[in-house]
Amino acid sequence: MEIRYRLTEEDYVQFNLFHIKHSKAARRTLTIQRVIPPVLFLLVAWVFAEIGHASFLGLLITFSIVAVLWVIFYPSYFDRAIIRSAKRMMKDGNNEGLLGEHHLVMTEEGIVDSTSYGETKVSWGGIKAFKEDRHSFYLYNSAVSAYIIPKRELKNIEEIRSYLHTKLKHIESENK
């Protein structure tokens, strides 16, 4: 099976957001960063009340409001930080071959991804996970990187999904 597609910066950004939202380590980090600061805000209210001889109730209300706002708005800030970071990596690094035209050939042995800068090969056993969202298929070849196949460029999404499931049975048996 052969697929030709164009990978854009937006596809790369979407992959990073998808990965962060589905990574146990990233979710744990987000939870810690979402919970610890509000606890510290409340601790600061108590310290200020003790040191400054201010009204603890007034400081508690003020810092509680800040804590609640933090819990509510931090996830969207976190997502924007991921987007900025992904875009910065695209601008700063040597990314030839990542974006642009791709020719993906899927054979009995594995995948060959060709661009104007070269080609990469991976056997089906080298694919560690197969995931998807409404934008793309993600064929993870490591814990943090994947072949990104944008669905907008595919005419036969169901056929490709079925083909990939057939080739990636080793992943399903490992996950059981």
Side-chain angles (χ1 to χ4, degrees), residues 1-36 73-176:
M1 179 175 284
E2 293 186 36
I3 305 170
R4 292 185 185 277
Y5 59 93
R6 179 169 188 73
L7 198 63
T8 65
E9 182 179 278
E10 183 61 27
D11 296 323
Y12 182 73
V13 167
Q14 285 297 325
F15 166 70
N16 279 273
L17 287 170
F18 175 87
H19 179 71
I20 291 298
K21 288 181 179 169
H22 294 87
S23 162
K24 289 179 186 175
R27 284 195 315 261
R28 189 176 327 112
T29 299
L30 176 60
T31 300
I32 289 169
Q33 291 175 353
R34 195 174 185 188
V35 171
I36 298 297
F73 292 110
Y74 186 75
S76 62
Y77 168 79
F78 188 79
D79 286 353
R80 286 192 312 275
I82 296 301
I83 292 168
R84 276 192 312 273
S85 176
K87 287 182 177 186
R88 194 174 326 118
M89 284 189 294
M90 294 308 302
K91 287 182 178 81
D92 292 347
N94 180 2
N95 299 304
E96 289 88 12
L98 178 61
L99 302 182
E101 299 298 324
H102 285 256
H103 179 217
L104 195 78
V105 179
M106 296 181 278
T107 67
E108 289 301 314
E109 293 77 39
I111 298 171
V112 178
D113 181 29
S114 303
T115 69
S116 59
Y117 292 94
E119 73 178 28
T120 60
K121 296 180 184 180
V122 64
S123 68
W124 290 114
I127 301 298
K128 308 301 181 202
F130 170 56
K131 299 182 180 182
E132 69 176 291
D133 61 12
R134 68 176 215 255
H135 303 284
S136 300
F137 291 121
Y138 305 112
L139 298 169
Y140 279 82
N141 57 348
S142 77
V144 295
S145 68
Y147 291 95
I148 304 166
I149 305 171
K151 290 180 179 177
R152 72 174 178 281
E153 304 252 348
L154 305 177
K155 294 177 181 68
N156 49 358
I157 292 172
E158 285 302 322
E159 181 183 337
I160 293 168
R161 181 183 296 117
S162 175
Y163 181 83
L164 289 170
H165 279 296
T166 305
K167 294 299 180 189
L168 299 170
K169 288 186 181 187
H170 68 279
I171 294 171
E172 293 171 13
S173 63
E174 288 174 5
N175 291 337
K176 289 182 181 176

ask   = What's the verdict on side chain to side chain contact (heavy atoms under 4.5 Å, CB included) for Ser162 and Glu158, showing C-alpha distance, side-chain angles and the deciding distance?
value = CA-CA 6 Å; Ser162 175; Glu158 285 302 322; over 6 Å; no
query = Taking atom CG of Leu98 and atom OG of Ser145, what is their separation to the nearest 0.5 Å?
reply = 10.0 Å
ask   = So, does Thr115 use its side chain to make a donor-acceptor pair with the main chain of Tyr117 at under 3.5 Å?
value = yes
ask   = NE2/His135 to CZ/Phe18 distance, rounded to the nearest 0.5 angstrom?
value = 10.5 Å
inquiry  = Please evaluate residues Glu108 and Lys167 with respect to the criterion side chain to side chain contact (heavy atoms under 4.5 Å, CB included), reporting the C-alpha separation (whole Å), side-chain torsions for both, the decisive distance (0.1 Å), and the verdict.
reply    = CA-CA 8 Å; Glu108 289 301 314; Lys167 294 299 180 189; 2.6 Å; yes
message = With side chain to side chain donor-acceptor pair (under 3.5 Å) as the rule and sequence neighbours excluded, what pairs involving residues 25-34 come up?
response = Gln33-Tyr74
Backbone N/O of Glu9 and side chain of Lys87: donor-acceptor pair under 3.5 Å = no
inquiry  = Let me confirm one number: the CG-CD distance from Leu164 to Glu159, rounded to the nearest 0.5 Å.
reply    = 10.5 Å
inquiry  = In terms of relative ring orientation, are Trp124 and Tyr163 parallel, tilted or perpendicular, with 30° and 60° separating the classes?
reply    = perpendicular
query = What distance do Leu104 atom CG and Arg4 atom CZ have between them, rounded to the nearest 0.5 Å?
reply = 10.5 Å
query = How many angstroms lie between atom CD1 of Ile3 and atom CD of Glu153, to the nearest 0.5 angstrom?
reply = 10.5 Å
request  = Compare all side-chain heavy atoms of Tyr5 with those of Asp11 and state whether any distance is below 4.5 angstrom.
outcome  = no
request  = Verify side chain to side chain contact (heavy atoms under 4.5 Å, CB included) between Val13 and Met90, making sure each step is shown before the conclusion.
outcome  = CA-CA 9 Å; Val13 167; Met90 294 308 302; over 6 Å; no
request  = Supply the atom-to-atom distance Gln14 CD to Thr8 OG1, rounded to the nearest 0.5 angstrom.
outcome  = 9.0 Å
key: NZ/NE/NH1/NH2 to OD/OE distance under 4.0 Å, Lys21 and Asp79   = yes
inquiry  = Counting C-beta onward and ignoring hydrogens, is there a side-chain heavy-atom pair between Thr107 and Val112 closer than 4.5 Å?
reply    = no
key: Candidates Lys121, His103, His102 - the one meeting side-chain hydrogen bond (donor to acceptor under 3.5 Å, both in side chains) with Asp113   = His102
Nearest atoms (heavy-atom pairs only) where Ser136 meets Ile148 = OG-CG2, 4.0 Å
inquiry  = Can you give me the closest heavy-atom contact between Ala26 and Ile20, atom names plus distance?
reply    = CB-O, 3.3 Å
inquiry  = In terms of relative ring orientation, are Tyr140 and Phe15 parallel, tilted or perpendicular, with 30° and 60° separating the classes?
reply    = tilted
query = Side-chain contact, heavy-atom cut-off 4.5 Å: Leu139 with Leu168?
reply = yes
ask   = Does the side chain to side chain contact (heavy atoms under 4.5 Å, CB included) test come out yes or no for Thr120 and Tyr147, once each step is laid out?
value = CA-CA 10 Å; Thr120 60; Tyr147 291 95; 3.1 Å; yes
